[in-house]
Amino acid sequence: MEYRRLGSSGLKLSALSFGAWTTFGRQVDQRAAREMLAYAHAQGINFFDNAEVYAHGVAEELMGAALHELALPRDSYCVSSKAYFGRLPDPAPTQHGLSRKHLTDACHQALRRLRVDYLDLYYCHRPDEDTPVAEIVPTMDTLVRQGKVLYWGTSEWPTVLINAAAEFARAHHLIGPQMEQPQYNLLHRERVEQEYAPLYDSLGLGITTWSPLASGLLTGKYTAEVPADSRLGQSDNAWLREAVLDAEGGAHARRAAALPALARTFGCSPAQLAIAWCLKNPHVSTVILGASRITQLEENLGALAVAQRLDQGAWQQVEQTFTTS
Ligand code: NDP
């Protein structure tokens, strides 16, 4: 396993990490969760990502129970939570957004569900236009000083707001945001490569990126049909199926269809090539993997070797294929 600093912080995360969205508590039961976490940890993965909203809190409960059963040393892994959405479908007004009230309650609830004394990483899951940074930053600073959180950050915030939070923190001698959690894959790259570009140096921002396979589209599994046992085949994921398969009028799906042939020429799987492509960006602190079964994790971990093996010429071929197809 390769380890990378979380931006300018001293924390070293595994370059590949493992998250629970749409799987834990939905496609993955506690036993499978435990097996995948044990396998991931044994392979050197040291960061497990979660959020209050995943499976209405059940994803955190499952991860907490599995970590408890495995009795992994607490200092050998990092765990996260993210707050904003509340526990859908119908959170009360106090149970949603980034108010001091919700950020604090959601932190306490995540600690209980995950069965840990502190969260290594805690994110503001989306921007909240109703809560000023003058409320968010001191709340996160307090949670860090209380020892309930080690590093705090944002997810899918615009640069202007990240800068505003960092500036407020600096001006008031508070602990500012250390990381962002954006989507990053071959089909979705503008924010990480362009919008955030100034922040890596100016703020020392680390990024923990999500959906490296665009929910599976970049594995080639959706080229002919939607398999019933896949994420996009789940009846309660109709919104996601539409968002992924119809993105940009189907252009994403057409571009993804070129990946399997290209991967074959490089002697790897499409998933490995897509994940390796994320890894070759040095600003990426960790690529968060998703998996519904252990064989996917086994395959996807092979991306580390692919990232090391492929040369500049190979990556140029990938770029060309994706910009012209
Ligand atoms: P991916 O885009 O990699 O999608 C993962 C899914 O793709 C798996 O659950 C599986 O679904 C399928 N898959 C994975 N590997 C393979 C393979 N080798 N062959 C075939 N199918 C495969 O990642 P996620 O979208 O899950 O994102 C990763 C993590 O990022 C999440 O778990 C979550 O922690 C975080 N995240 C954060 C968000 C945020 O807003 N901050 C938003 C979304 C995710 P299946 O088998 O069911 O088809």
Side-chain angles (χ1 to χ4, degrees), residues 16-28 32-33 36-37 40 45 47-55 59-60 62-63 78-85 114 121-127 153-157 179-188 191-192 207-223 225-237 239-241 243-245 247 252 256 259-260 263 268-279 284-303 306:
L16 296 178
S17 45
F18 180 42
W21 181 53
T22 81
T23 51
F24 282 34
R26 292 174 65 187
Q27 290 168 279
V28 168
M36 285 200 278
L37 287 166
I45 286 183
F47 171 38
F48 305 124
D49 185 63
N50 224 316
E52 60 170 354
V53 71
Y54 295 170
E60 291 188 338
L62 237 64
M63 189 177 275
C78 298
V79 71
S80 73
S81 185
K82 304 189 275 292
Y84 169 80
F85 295 99
L114 288 163
L121 291 85
Y122 189 39
Y123 297 87
C124 298
H125 207 161
R126 288 293 180 268
T154 58
S155 180
E156 299 292 352
W157 276 31
M179 70 280 176
E180 230 300 314
Q181 189 169 129
Q183 180 175 184
Y184 186 53
N185 57 52
L186 272 160
L187 300 165
H188 198 106
R191 177 161 254 176
V192 163
I207 51 170
T208 65
T209 62
W210 59 269
S211 282
L213 299 176
S215 276
L217 182 62
L218 291 166
T219 66
K221 73 198 295 177
Y222 295 112
T223 310
E225 56 181 16
V226 176
D229 66 347
S230 67
R231 177 182 292 183
L232 302 187
Q234 310 289 302
S235 55
D236 51 355
N237 278 342
W239 66 275
L240 187 60
R241 181 163 59 245
V244 172
L245 299 183
H252 279 198
L259 201 62
C268 63
S269 74
Q272 289 170 338
L273 185 60
I275 294 165
W277 178 88
C278 300
L279 284 170
V284 171
S285 311
T286 184
V287 177
I288 311 176
L289 304 176
S292 65
R293 59 208 77 167
I294 208 159
T295 48
Q296 293 175 348
L297 268 185
E298 284 166 2
E299 176 185 337
N300 298 350
L301 275 154
V306 174

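We use all heavy atoms of the structure for the numbers below, so side chains are in, but hydrogens, waters and symmetry mates are not. Counting starts at 1 for both ligands and their atoms, in listed order.
Protein heavy atom at the shortest distance from atom 29 (C) of ligand 1 is Ile288 CG2, 3.5 Å. The nearest heavy-atom contact from the protein to atom 48 (O) of ligand 1 is Lys221 NZ, 2.7 Å. Nearest protein heavy-atom contact of atom 9 (O) of ligand 1 is Arg231 NH2, 3.2 Å. Nearest protein heavy-atom neighbour of atom 18 (N) of ligand 1: Asn300 OD1, 3.0 Å. Annotation: atom 37 (C) of ligand 1 to nearest protein heavy atom, Gln181 OE1, 3.0 Å. In terms of protein heavy-atom proximity, atom 35 (C) of ligand 1 is nearest to Asp49 OD2, 3.5 Å.
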(request) Carefully, step by step, assess Asp236 and Arg26 under the rule side-chain contact (heavy atoms from CB on, under 4.5 Å). (result) CA-CA 10 Å; Asp236 51 355; Arg26 292 174 65 187; 3.1 Å; yes
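If you look at Thr23 next to ligand 1, the close heavy atoms, those under 4.0 Å, all belong to the side chain.
Residues satisfying the side-chain contact (heavy atoms from CB on, under 4.5 Å) test with Arg126, not counting sequence neighbours, are Tyr84, Phe85, Ser155, Glu156, Trp210.
Asn300 has its side chain out of reach of Phe18: every pair of non-hydrogen atoms, C-beta onward, lies at least 4.5 Å apart. Between Leu217 and Leu245, the closest side-chain pair of non-hydrogen atoms falls below 4.5 Å.
The backbone N or O of Glu52 sits nowhere less than 3.5 Å from a side-chain atom of Lys82 that would complete a donor-acceptor pair.
Considering backbone and side-chain N/O atoms, Ala20 comes within less than 3.5 Å of an N/O atom of ligand 1.
Ligand 1 places these atoms under 4.0 Å from at least one heavy atom of Tyr222: 48 (O).
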